[in-house]
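Report on the following structure.
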Amino acid sequence: MGRMGANQRTFSANPNDYKLLEEVGYGASAVVYRAIYLPSNEVVAVKCLDLDRCNSNLDDIRREAQTMSLIDHPNVIKAFCSFVVARNLWVVMPFMAEGSCLHLMKIAYPDGFEEAAIGSILKETLKALEYLHRQGHIHRDVKAGNILLDSNGVVKLADFGVSACIFDTGDRQRSRNTFVGTPCWMAPEVLQPGSGYNSKADIWSFGITALELAHGHAPFSKYPPMKVLLMTIQNAPPGLDYDRDKKFSKSFKEMVAMCLVKDQTKRPTAEKLLKHSFFKHVKPPELSVKKLFADLPPLWNRVKAIQLKDAAQLALKRMPSAEQEALSQSEYQRGVSAWNFDIEDLKAQASLVRDDDDMPETREDDESSKPFGGHKIVNKSWIGSKEMNSDSIVQKVEYTSQTGGNELLQSDSLVRKGKLPENGLQDQEKDDPRKNGLSEVSASTTEKEIMQVRAKTMKVRQTQSGPLVPGAVLNLSSSERGHPERIENESQPANEKAIREIRKVPSLSGPLLLPNRASANSLSAPIKPSGGFRDCLDDKSKANLVQIRGRFSVTSENLDLAKDIPLSTVPRRSSQGSPLRKSASVGDWICESKPMPTNQSTNEFRNINIPASVLVPHLQNLFQQNSVQQDLILNLLNSLQVVEGIDAAQNGKLLVSSPNAENNGTVEVAGFERERLLLVKISELQARMSNVIEELNTERLKYAQLQQHLKSVSGQENGDAMELDA
Ligand SMILES: Nc1ncnc2c1ncn2[C@@H]1O[C@H](COP(=O)(O)OP(=O)(O)OP(=O)(O)O)[C@@H](O)[C@H]1O
């Protein structure tokens, strides 16, 4: 560490040589300042990392910083030098005047950029990846928030090396088996315990970043990390939809689909991807990217505006409903306790998460309004200490630079006038990254101004579903947070305070670092081409969501429906206790009916030698009776069919209208009444049938007697004849 040269420039390791100016960015671990390197009067960026937050020891950090300083590519941010100041590591870098793509989208392009700009940004980023991969590095945190833009349109990939040093333990091999990244951008293999990954993981993240730039947010960004993990592993890969994303070219869609293939071996290398036709016709960034920020205020004002908006929204989020708070809090705690990456537990957790129809429409940067979705998971200890990132909690920027954005910027400038409350100055002064010459950013506001901004934001927010911010976490003390603090002095303005509070919010932003577990949890979903766009799954009809729903969500509604299984499918005999059980008596009756004459009795008749003249009238009589019986039986059958039809209709209707309890009641009452009448009719028919059967039996008896009589008569006649013959 220490003094290092870069492009014939040298930068000292003396903090007194740097004058920290405005804050231009903040991440999970660091605050970034625009700064002046006094010896050469050069503008630089100084990233101040809190070492207390780092997972690695100083040697690891030193090693990584050296690696970072060896990086030499026009599209990769390199460290000029780095050194330790109190408990902070200062990393001196080139200043990228337009900040990150994420901030740019937040402030002016909430729905993403146009394809020309996306193409340029992606191509430059891919060049950076190609270089890093060639050097044997994996970036592991490719996302819009780490793609920085300069005022002349230069695109650079940031956060390489430094973040790696923080989140790695220094052992490359081991770090490749740890979960590093941000859930929404993480490749499935990174999430598969023990499988290990390689540079292709960056290609997946690159594909997700392409979607992020195209839509203004990453796919699945509105879901909590646990759900994002599962969705990434189990669902079909996200992609650009051929219908919905009509404005984008076929080649862009194809390129994204190539990156988002679940099987890492089937993903192209950065080198190969650069040769894709999509990148062949991409404009130089100075043409397509530069115009993106043509009319925007300076970066630090934008960052302030975003922070102020965060603060306003945070104020709103302090008032979640008890239910939301309980849910988010329990989600948070479960998330914290789930880093053992137990898939079953994750599933269980995912089942507790409200589905898309319940979730507010949020974005990747809307991290204050979602439980933990789209957040970068830092590591277990950080999560345990509820360390959060303000960068991640910005709600979707509903305003543009022409409208509400200006209001915020105006109030931001107003903010700079007020006085600051005394707040923990002594404690923080020793770690103050700007104590060596930070020019005072005079910032102030009155409570009234803050409230005005809050009220305006509230108006916007009123149309949205409530955010899910764990309220308890918001109230952590500074020591609990252990977060790098900006300089605070006696004149800290209210909005500064509010902004600082944003940083306490548990966004879980920061690379996901889960302990490696060589488990056999092989949940890789079948590899499918990324044809269908899944994105943020707003559409309830999406197949993958239905799958998730089916897999995880057993709701009380499902149970109610289960109760309403159409009775026609239930054997009537077993439907005891049901109001329709009464119809079962028909079945009972049929089975219990007395046997009708069989073929056997017909055979008996054949063997009887009876003169036709005697028998015919009886048979005619019987036939007549049978006809009557047949009619009766037919009528009865018809009645039964009507009953059956009404049953079916009734069941169907009950199911269809089940959500409406009132209707259910009416339909049920009407059904019962109809059934009662039918049962009365059936009883009548039953009685008539019994009578008919009785009559039939009587007739049979009479017939038998008659037969008997005929037999004896014919026997007698035969005897008389024999006697006469004799
Ligand atoms: N060299 C730079 N010039 C201008 N702005 C910068 C520079 N480096 C970083 N930033 C801004 O600061 C923000 C945070 O920086 P960075 O991502 O390095 O911090 P971090 O703590 O590593 O964040 P995370 O871990 O969430 O990615 C960036 O998103 C960007 O907006």
Side-chain angles (χ1 to χ4, degrees), residues 6 20-35 37 42-51 53-55 61 64 68 71 75-80 82 88-107 139-151 154-168 180-185 205 209 212 293 298-300 302-307 364-365 367 374-379 382 387-394 433 483-484 486 503 505 507-513:
L20 301 191
L21 303 171
E22 307 88 359
E23 183 179 317
V24 291
Y26 44 89
S29 55
V31 179
V32 180
Y33 298 96
R34 187 170 77 100
Y37 180 56
E42 192 171 343
V43 176
V44 291
V46 176
K47 180 169 175 171
C48 301
L49 292 144
D50 187 341
L51 292 173
R53 304 277 166 271
C54 296
N55 219 19
I61 293 170
E64 289 290 340
M68 195 182 165
I71 295 296
N75 297 113
V76 184
I77 285 271
K78 80 171 278 164
F80 292 149
S82 54
N88 287 296
L89 174 73
W90 285 25
V91 182
V92 182
M93 309 175 275
F95 175 63
M96 301 294 283
E98 303 301 333
S100 71
C101 288
L102 176 63
H103 274 177
L104 194 56
M105 288 194 292
K106 275 180 182 180
I107 205 80
H139 186 284
R140 294 185 293 183
D141 204 12
V142 179
K143 58 178 184 178
N146 283 333
I147 299 174
L148 303 182
L149 307 170
D150 204 354
S151 46
V154 167
V155 179
K156 285 183 195 278
L157 186 58
D159 224 6
F160 170 75
V162 171
S163 62
C165 85
I166 289 167
F167 304 115
D168 290 354
V180 179
T182 312
C184 289
W185 291 261
S205 306
T209 305
E212 187 187 9
F293 29 77
L299 177 61
W300 46 93
R302 287 181 234 161
V303 171
K304 275 272 181 194
I306 292 169
Q307 286 178 328
E364 139 201 353
D365 49 315
E367 303 180 23
H375 302 295
K376 199 171 164 189
I377 301 164
V378 183
N379 61 35
W382 284 28
E387 173 55 34
M388 297 306 150
N389 168 22
S390 59
D391 190 35
S392 312
I393 67 162
V394 182
H483 190 80
R486 274 191 65 186
R503 298 203 180 125
V505 176
S507 74
L508 301 189
S509 182
L512 172 62
L513 177 56

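Counting from 1, the numbers follow the sequence of the chain as shown. When reading the values below, keep in mind they use all heavy atoms of this one structure, side chains included, and skip hydrogens, waters and symmetry mates. Numbering of ligands and ligand atoms starts at 1, following listing order.
- For ligand 1, the atoms sitting less than 4.0 Å from at least one non-hydrogen atom of Y26 are 12 (O), 13 (C), 14 (C), numbered in the order shown with element in parentheses.
- Under the 4.5 Å side-chain criterion, counting only non-hydrogen atoms from C-beta, F95 is not in contact with L21.
- Between F80 atom CZ and K78 atom NZ the span is 8.0 Å, to the nearest 0.5 Å.
- For the pair V142 and W185, the minimum side-chain heavy-atom distance is 4.5 Å or more.
- Contacts between A97 and ligand 1 below 4.0 angstrom, taking non-hydrogen atoms only, are absent altogether.
- Residue K47 holds the heavy atom nearest to atom 16 (P) of ligand 1 of all those in H103, K143, K106, K47.
- Contacts with ligand 1 closer than 4.0 Å are made by side-chain heavy atoms of A45 only, the backbone lying farther away.
- The contact set between ligand 1 and A30, taken as ligand atoms under 4.0 Å from a residue heavy atom, comprises 21 (O).
- Of the listed residues (V44, V303, L148), the one carrying the non-hydrogen atom nearest atom 30 (C) of ligand 1 is L148.
- Rounding to the nearest 0.5 Å gives a distance of 4.5 Å between CE of M96 and CG of D150.
- The parts of M96 lying near ligand 1 are both backbone and side chain, judged by heavy-atom distances below 4.0 Å.
- Side chains of V24 and V32 form a contact here, defined as non-hydrogen atoms less than 4.5 Å apart.
- Atoms of ligand 1 found under 4.0 Å from any heavy atom of N146, numbered from 1 in the order shown, are 17 (O), 27 (O).
- Under the 4.0 angstrom criterion for non-hydrogen atoms, A158 is not in contact with ligand 1.
- Looking at heavy atoms from C-beta onward, H103 lies out of side-chain contact with L149 at the 4.5 angstrom threshold.
- The closest side-chain heavy-atom distance from Y26 to V303 is below 4.5 Å.
- For ligand 1, the polar-atom distance check finds an N/O of G145 within less than 3.5 Å of one of the ligand's N/O atoms.
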